[in-house]
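Quick note on labels: first sequence line is chain A, next is B, and so on, each numbered from 1. Side-chain atoms are counted along with the backbone in the values below, which use heavy atoms only and exclude waters and symmetry mates.
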Amino acid sequence: MPIAVIDFETTGSSPGQGARATEIAAVLVDDGRIVGQYQSLIHTGVWVPPFIEQLTGISNAMLADAPPAAQVMREVLAFTAGCPLVAHNAAFDRAFWRAEALLACEGDATATSAVDASFACTVRLSRRLFPQAPNHRLGTLAAWHRLPDAGRAHRALADATVTAHLLLRLQQALAERLGHAGPGAIDHALLCQVQTWPVAAVDKALARHIQSCRTSAG
DNA sequence: TGCCAGGCCCTCTTTAGGGCCTT
């Protein structure tokens, strides 16, 4: 099962304050490589403030002819169906994922599964596995890891692609420290486990994890 | 037209406050 890396561009910082999505991308990662991608602008009718237009390059004019949010969310939910999810600063994208899915699929089972989807967060994982990084902003980590250029920052597909490459580095680093063959051996459940380990005690948690694997293997 | 959130993490903490990270 691939992992889907999600990135939203939005009109603001919180759906609770009326912000809506302006663009979404999903990049599928499987067995250590990128295997698929989805991207679409989103028309909601909500005004994009000048600060956000400048930040993302997504203007009100560009969104006038974009497909409606319900159509885009149904497409991306179908594209990522069953995939566990990852995002950079996942609390942000999770909030929009839930809000837009509920609006698009009100009352049906698709919305329920989207609302219940668990996200792994590359910020939390990076803080634990790369504590020596200057900071954990996506652009800083892309430069620090020398990740492949994916195009204009703050566009959904570019940021989702960079996050996917960051995810592969995180999986590789974890695989090396656990003695696994490669990034494909690190599944989403383990990522969700690692992101809850205390930042100051990752080495101890890794040692405990290795010991528990040996114990369960007999 | 236009204001500005919220979860995570650390510490000079836990009956709190401030910085980081996303748009």
Considering heavy-atom distances to DNA chain B, does T22(A) or V46(A) have its closest nucleotide positioned more toward the 5' end?
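Per heavy-atom nearest nucleotide, the more 5' residue is V46(A).
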Measure the distance from [atom1] on [X] to [atom2] on [N] and round it to the nearest whole Å.
X: L125(A); N: dC20(B); atom1: CG; atom2: C1'; answer: 16 Å
X: F51(A); N: dT22(B); atom1: CZ; atom2: P; answer: 12 Å
X: H88(A); N: dT23(B); atom1: NE2; atom2: C1'; answer: 13 Å

How would you list, by chain and number, every residue that makes a side-chain contact (heavy atoms from CB on, under 4.5 Å) with V46(A), sequence neighbours excluded?
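Expected list: T11(A), R20(A), T44(A).
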Hydrophobic cluster of Y38(A), others only, ordered by chain and residue number, side-chain cut-off 4.5 Å:
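Answer for Y38(A): I6(A), F8(A), I24(A), L28(A), V35(A), I42(A), V72(A), M73(A), V76(A), L77(A), F79(A), L85(A), F92(A), F96(A), W97(A), F119(A).
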Inter-nucleotide P distance (dC4(B), dC8(B)), Å rounded:
24 Å
Qualifying residues under ring pair (Phe, Tyr, Trp, His ring centres under 6.0 Å), relative to H145(A), sequence neighbours excluded
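Partners of H145(A) under the ring pair (Phe, Tyr, Trp, His ring centres under 6.0 Å) test: F130(A).
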Going by distance alone, is a donor N or O of one side chain under 3.5 Å from an acceptor N or O of the other, for H154(A) and T56(A)?
no
Side-chain donor-acceptor pair present, H88(A), T122(A), cut-off under 3.5 Å:
yes
Tell me whether the side-chain N/O atoms of H154(A) come closer than 4.0 Å to OP1 or OP2 in dT23(B).
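Checking H154(A) against dT23(B): at least one side-chain N or O falls below 4.0 Å of OP1 or OP2.
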Does H136(A) place a side-chain N or O at less than 4.0 Å from the phosphate oxygens OP1/OP2 of dC21(B)?
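Answer no for this pair, as no side-chain N or O of H136(A) is under 4.0 Å from OP1 or OP2.
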For the pair R128(A) and D203(A), find out whether any cationic side-chain nitrogen is under 4.0 Å from an anionic carboxylate oxygen.
no
Sidechain N-carboxylate O distance under 4.0 Å for E23(A), R155(A)
yes
DNA chain B contacts among residues 156-172 of chain A, heavy-atom distance under 4.0 Å
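Under 4.0 Å from DNA chain B: D159(A).
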Can you pull the salt bridge (Lys or Arg N to Asp or Glu O under 4.0 Å) pairs that have at least one residue in residues 178-196 of chain A, sequence neighbours excluded?
none
Protein proximity profile, nucleotides 5-10 of chain B - base contact B, sugar-phosphate-only contact S, no contact -, cut-off 4.0 Å on heavy atoms
BBSSSS
